[in-house]
Amino acid sequence: MSFTLAFALLLAFSVGVWWLGRRRASALAGGERLHSLPGYYGTWVALWTGIPAALILLLFLTAGPRLGEALIAADPPAAVASLPSETAQAFWNDAQSLARGEPTTAIQWTPEQRAALEQKAEQARQYNGFSAFAALALAGVLALGGFLLAWPRISPTLRARNQVEGWINIALMACSAIAVLTTIGIVASLLYEAMRFFASVPPLDFLFGLQWQPQIAMREDQVAAKGAFGAVPLFAGTFLVMIVAMCVAAPVGLFCAIYLSEYAGRTTRGVIKPLLEILAGVPTVVYGFFAALTVGPLFRGFFNWIGSWLAEGPLDPLGQYLMAVQNEMALTAGVVMGIMLIPYISSLSDDIINAVPQSLRDGSYAMGATKSETVKRVILPAALPGVMGAMLLAISRAVGETMIVTMAAGSQARITANPLDSVTTVTRQMVELLTGDQEFDSPRTLAAFGLGLTLFGVTLVLNIIALRIVQKYRQAYD
Amino acid sequence: MTDARNLPSRDLSEKRLKQRHAAEARFKLYGQLAIVIALGFLVVLLARVVQQGYTVFWTHSITTSVYLDPARIDRADLEGNNFDYLAAQNLLKRLKVQDDALGLASGEAMDLVSRDLGYRILGAIKDDPKVIGTTLTFTVPVKANADLYYKGEIERSTPETDRKLSNRQLDWLDRLEAEGLVRSHFNSDFFTNSDSTEPEQAGVLGAVVGSALMLLVAAFIAVPVGVLAAVWLEEFAPRGRLSGFIEVNINNLAAVPSIVYGLLGLVLFINWLGFPRSAPLTGGLVLALMSLPTIIIATRAALKAVPPSIREAALGMGASRTQTVFHHVLPQAAPGVMTGIILSLAHALGETAPLLMIGMVAFTPGLPESLASAASVLPVQVFIWENAAEAAFHERTAGAIIVLLVFMILMNATAVILRRRFEKRW
Amino acid sequence: MAAEGNPLPHDTQLRPPAVAAHTPVANAGVKIHCQGVSAFYGDKQALHDISIDIPDRAVTAFIGPSGCGKSTFLRCINRMNDTIPGARVTGRIEIDGEDVNARSVDPVVLRSRVGMVFQKPNPFPKSIFENVAYGPRIHGLANGKAELEAIVEASLKKAGLWDEVSDRLHQSGSSLSGGQQQRLVIARAIAVQPRVILMDEPCSALDPIATARIEELIDELRRQYCIVIVTHSMAQAARVSQRTAFFHLGQLVEQGSTEDIFTNPREKRTQDYITGRFG
Amino acid sequence: MAAEGNPLPHDTQLRPPAVAAHTPVANAGVKIHCQGVSAFYGDKQALHDISIDIPDRAVTAFIGPSGCGKSTFLRCINRMNDTIPGARVTGRIEIDGEDVNARSVDPVVLRSRVGMVFQKPNPFPKSIFENVAYGPRIHGLANGKAELEAIVEASLKKAGLWDEVSDRLHQSGSSLSGGQQQRLVIARAIAVQPRVILMDEPCSALDPIATARIEELIDELRRQYCIVIVTHSMAQAARVSQRTAFFHLGQLVEQGSTEDIFTNPREKRTQDYITGRFG
Amino acid sequence: MQQHIVTSYEEELNHLTAEVARMGGLAEAQVADAVNAFARRDVALAAQIVERDVRLDALELEIERAAIRLIALRQPMAVDLRRTVAAMKIASNLERCGDLAKNIAKRSLVLAETDPAGPVTRSIERMGKLVSSRLKDVLDAYTSSELEAATSVWTRDDEVDEHYESLFRELLTYMMGDPRTITPGAHLLFVAKNLERIGDHATNIAEIVHYEITGEDLPDQRPKGETLT
Amino acid sequence: MQQHIVTSYEEELNHLTAEVARMGGLAEAQVADAVNAFARRDVALAAQIVERDVRLDALELEIERAAIRLIALRQPMAVDLRRTVAAMKIASNLERCGDLAKNIAKRSLVLAETDPAGPVTRSIERMGKLVSSRLKDVLDAYTSSELEAATSVWTRDDEVDEHYESLFRELLTYMMGDPRTITPGAHLLFVAKNLERIGDHATNIAEIVHYEITGEDLPDQRPKGETLT
Ligand SMILES: Nc1ncnc2c1ncn2[C@@H]1O[C@H](COP(=O)(O)OP(=O)(O)OP(=O)(O)O)[C@@H](O)[C@H]1O
Ligand SMILES: Nc1ncnc2c1ncn2[C@@H]1O[C@H](COP(=O)(O)OP(=O)(O)OP(=O)(O)O)[C@@H](O)[C@H]1O
Ligand SMILES: [Mg+2]
Ligand SMILES: [Mg+2]
Ligand SMILES: O=P([O-])([O-])[O-]
């Protein structure tokens, strides 16, 4: 609470300083010409006043408690030293909670433990009080010091604007850095956990193994059996679903884009585009629901019906097979994923087709070409690399799509090219492995990170290729 | 160029012309077909969701009076009483059905009325213990299966073994309805309740609030960071290997499967930094990281669309780079930026997979108390209900989807309107 | 190589069987005859009752202030206005005596007879060869590869580009300089054997040297084609054209021989415009 | 209303205290003195050792074929090249005797002294008033609203636009016609009291009438400013400028009075270029 | 006529015309003075005329250069171009008038040393006045752009020719009367011829003015006055 | 000189120069024939010359119009503009030469009816030959754009003037000898004067050629030959 107050105070002080600085600069403006507008001087002083102090406060807020914990834990009381690590952790937590006046865990501490607890809590309380005071005092000193240092330097020749802009630039850069840090975070966290996984399952077995039976590894006594974590069936399933999806999405999406950009009038376009955008905005879980409860039963009914019609005829085996088709199959997931990808492909392609300059169309029409000739011979060839890039991006998305396959694909890991089979995919397995109880030292849980890392790698390669293509193509008309 | 060539070539070109026009017509047809297919899917999808979900918006309540027999109520341990059983017996009495020795009939009757009734009775007694011995009248929802029967989704024609309700129960329901004790009305509980194990009491409020909190967190972080990062990359970053790397990096991040962000959240936030599981804070952080690249890309596109002439004009006037950007470029790009932000947040709103990774599948009745407490969110609620065994949850799944879609369509529509209104041709 | 233009089959779709009796053509040299042409964009009338005869084998220049309807009129001639939603044209435009707006006229065929060159050079993003071969291909003007090559060569020669590109026909058209691109576009238009070539400010995106080359080319081409050129530069109109028409506010104010228009115009508005005394 | 230009505070940031002794200026009227200026884009040298003195209160035209470096040189003068990654300038450019590339010179201040007008009119998408007021605002040239309004009015008057827009100062700048927009942009440049106005093909996007108006305006402005104009149109250079410099392949081939250059150039390359005998 | 959008262009054109008008005034004065100097045997005036001629030469050059500059820098069209070319041509005609006036003045200097020729001188003076007034008329027509005034000068050229013819005969008779008068007679012959040429130049200017204004040439069959006398 | 990019422009310019050259040839022939007709008292030739003059007039008009059209349509600059203006001015000089030749021819017709004047005639013929050759030289200089040839014509103008002066005196003596010779003598005076004028025009053309080629004027202090004789 005191920190919130401190921040508020600091803010108020900075605003005041800003106003003072501005006024001072305005007063100076009477004599000489100022280097910058008065507002910049105000901001400059306010920044010197506010930023260091705010940084200190933030530092204490984030690192302070940890430092405190480390400090009081530095000399563990005898009562704690003997405790198992989990209970010890609980002890320290309780000490902190007690210090903060929060409810403690339900663990019944022995009296001497209780005493040690009280003592440590007191220590923590003292530390907390001191550190808060120190932080606040330091912040106050910094704010005042910054102000006092900056204030006399206000002069017409001070390049206040340039300095303020320097600060802004640093802030902007920091924001961009977050994007890079995200990537580093992804890679680091995936690698870290995956390394732990690969410590128990050799990477080659994982990458090229043909068997996927993670449940075997659940039994602690059985060290992960060879072949139990072979990811090939998962990738085969992913691939099969993706192929089905692209068979639906690529032609429909592309032709949608062509129709919208070349044939549709303004009003038609104005109606259809937002509708397609709705299709694009439908959450994947809804597609999953649609797949599981509508498309699946529909397909199953359809194939069962065909099967019953064929059964006992010359194609009896096929009929029998079809009659046994289940809701969960690659086809269901693939088709619904295809629907999901239609707007994605069509809007990417639409962009790319629209980027083909109107002058090329005019040129072609003026030669006496019909619309379709213009599309086929001028626009598509010009846009082809871009369209290819769009398709690759769509594939990457299909590979990483989770909810539809989770809800509609099935869980049998098998290598098949038959879309009527139930297959499982990488993402579905990740969900399966990581929902429910997670034990972060069992290979079953860690396998998800192995899969995640591979998935990340695959999509990364796809994306890099696709984006290269798209970008190269975009530059062609710049 | 003799005249002799004219005639044949003219015939040829007329034949060719016919072919060309036919090809043209065909090509156009393909386009129309594609549109029809795409929109057809949309219509089927929406129709199916509505068809499965619209029934959730009304429900049936039963009005029943319960004699609070002092003999049957243990005042010492109020919570230990089985008020549901008491109420069921009252109901049977009302139906003039004799309970059997095993109390099977009462048991079956209990399955017709929401468990809420028991809590209501308990509440009434706690409020005022003097009510014991009187007869109170309560209006409570019927049990989900009974509701389905009233809505016609459970039919008497199905063999008794294949349905959830026995013939006897159906008879009772019919009689209750005939006596006017059952009333159908708008299902406000669906919007004011949170998740529950009892389908008839499960609602979306908790999920809606959870989603809203999470979206707030995500927006609060991703929007300023994303926009400012985009501004730096587009306007300030020295063009070189570093900015090229960042650009590639961001484009890749935008295409990284969302489930990978879930893994990131799981490892980084929960395992390493000790953030709470299932909390809107953690989910919001994950979604923020996930929408960051899309926001950056959309913002950059909007910034790129501002013609360089504006920048040149401002720079040529002696405006500094920062002034140029914040006075001219960013205001110009604002509608595009807003559109990008709304669309990416709408997308985040519907995101499920990464949230599964950070444990948001947990069952969470009630409203989240803070950003750090466990909460449910709409899409995950959909996923949970879809997995639930009871048929009654399917209706609720579709209902929740409708709520989700309404939010999403509203956000999309805002984006479209924004774009339309501010679309500028240079 | 085959003699220029020889392998190209000829057809007469748009040309009347003989000088038909009904054709109200003023004199034998008239290629395009326009009578009372008005054009509208939605409710806005962009052209008012334009009547003009455009001679064959000569360059006719349209000049006038911005927005006076020059481009609109040009686009009426090959019905490129059809592609603009809301555009409407009334009145009669005849090429070789045949009404271009007649039901029976297919705009696709019409446009193959009436080539058009735009302000900004717009080669297709294909090879130089493919650019020129595009028209003959879609209209089926060539039987076989040899004929096609002959057409391409002949067209490039006519456009004065052959010498510069003959050794790199398979490079991309956009690798050429602006002026070369514009000549490539002209070659592309020539390749389908048009009767008429319309040019809408063909040099405004070019520097003076490239402009001079295109003007030189136009001067060559006029020996064989009916050329109409829209230009903002009066000097250019004066240089390249034999006849000039001055448009103002959607009206045709004056037309006549270029020399007359530029040394001694009849109308005061024309005089004011060409001497820089406007507005 | 206040007298024109009167309410504008004056400052001398870039002007030396007096005619400093060291200034190697040829004669008193020289405003911009360039000595051995070379410019590079990466490895490519776009300008080779240009030396030229540009007089005050006169219009100097840069002509030359496309890509000869006219714009590059223009952008060296107000350091707009700084904004192009990889661009590098060597040599000395002095305005009023002060080196523009000196460490102590802030390009932002420099650019407020050296106005620039671009090929395509580029008003800010704001009101006419805000367009003109922007410069004085960011440079703190006005104390209070009244002064600002006076500056805006004076600038618009100088740019000859006041009569046309005084009743709609709060409409968007992009609602004006192309020529008016270009004048608005000039007014905007004038509003920060530049010493020099650089114009890079300011009329190439305009029709002849708007062009004539801008030329007229330039002719007015030269009484007060040092104006440098890049143009593709030799006729325009001939019309508006008092001095002309001819660039070719990054070199300054010839400079001199416009009359000399256009009636009797000394260099053969100049003669060939202006008479259309190039390449 | 409307103003040009570019006023400096308008100014340059007007300047050109003004210079031609000024030159016209000067030439006119030279001719009138030459006639006077001749008639009044005013040696001083004659000398002055001779001196002043350089100004006309300079003016012609200046106008020609200005016209060429205007053409190079402004690309005049139609009426403006005709105006420019006309200025150049009129200037060259005026320069010739000036030369002829100078020649008359020089001859006056010679004649002043001989006996006065009495009636012949008066005849020449009359012709001089006539030619002067023609020149004045045509220059007025030029400055005021009056087509009719110009045409009227043009149609009346034969009057001057008739005058000259009768003078020619008169002079021959005068010379035949006394061999001592042959030398002054020869000079008088040339004075008369010069005046006739000045008249011709006035006619030329009238033609040029007609072309400038209408853009068309006067018909070929001008009342031709050039005779073999 | 490099070719223009637009060949039709080049062609038009060349056409203009060619027309001037053609006109020059014609004028040269007219002058030479006039001198011949005068010397040989060839009435038929003289009549022909008079008749042929209209062609020169027509050519001048044509060249002038072509030049104006070229200026209007091609906006010539620098050397091209000078070339165009020079063509126009040379044509006007040539037209005057033609007129003067015609005048000589007309006077030859009159003189043919009087007694031959013997030695004076030969003097005049010599002068005629001299002037003819000057004209030829300067026209050659024009067509070949030879600066030196043109300047040499220009510097040698005083020869013609000297010739004319001695002729003038000779003629006066001739006329004083016999009053009957006064009328033919007067005509001879004019023939001589005409030849002197043709010489002047040749000098003018030389100056124009100099300007066309260099863009600069010849110095003012030309060896002035114009005398009061
Ligand atoms: N697609 C269109 N929709 C509506 N109005 C249009 C359209 N195209 C042109 N116009 C209007 O029609 C009129 C004539 O335009 P047009 O393009 O023919 O003029 P122009 O003479 O070619 O002008 P410019 O020289 O600027 O090219 C203008 O007023 C213009 O605003
Ligand atoms: N940003 C840039 N990067 C690399 N090279 C450039 C850049 N800008 C210009 N150049 C090159 O520098 C040279 C000079 O260009 P500049 O734009 O100055 O020419 P210009 O004379 O203004 O031509 P134009 O008349 O076409 O505007 C050209 O060869 C051009 O290709
Ligand atoms: Mg146009
Ligand atoms: Mg440039
Ligand atoms: O040269 P002229 O005086 O006879 O025109």
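Side chains are part of it too, since the values below use all heavy atoms of this structure and drop only hydrogens, waters and symmetry mates. Just so it is clear: chains get the letters A, B, ... in the order the sequence lines come, proteins before strands, and each one is counted from 1. Quick caveat: nothing in here was measured; it's all calculated off a predicted structure.
Neither the backbone nor the side chain of C:Pro194 comes within contact range of chain A; no heavy atoms are under 4.5 Å apart. Contact annotation for C:Arg79: neither backbone nor side-chain heavy atoms come within less than 4.5 Å of a heavy atom of chain A.
Listed by first and then second residue, the ring-ring contact (aromatic ring centres under 6.0 Å, His included) pairs that reach into residues 99-124 of chain C are C:Phe124-C:Tyr134, sequence neighbours excluded.
Comparing C:Met116, C:Arg188, C:Arg75 by heavy-atom pairs within less than 4.5 Å of chain A, the highest count is held by C:Arg188. Of the listed residues (A:Pro381, A:Ala369, A:Gly368), the greatest number of heavy-atom pairs within a distance under 4.5 Å of chain C belongs to A:Gly368.
We find that A:Glu262 and A:Arg361 are joined by a salt bridge, their nearest charged nitrogen and carboxylate oxygen being less than 4.0 Å apart.
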Donor-acceptor contacts, no H, no angles, side chain residues 238-250 of chain A, under 3.5 Å, sequence neighbours left out:
residue, atom, partner, partner atom, Å
A:Thr238, OG1, A:Leu234, O, 2.7
A:Thr238, OG1, A:Val426, N, 3.2

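Within a 6.0 Å radius of NZ in C:Lys120, other residues, nucleotides and ligands contribute 12 heavy atoms or fewer.
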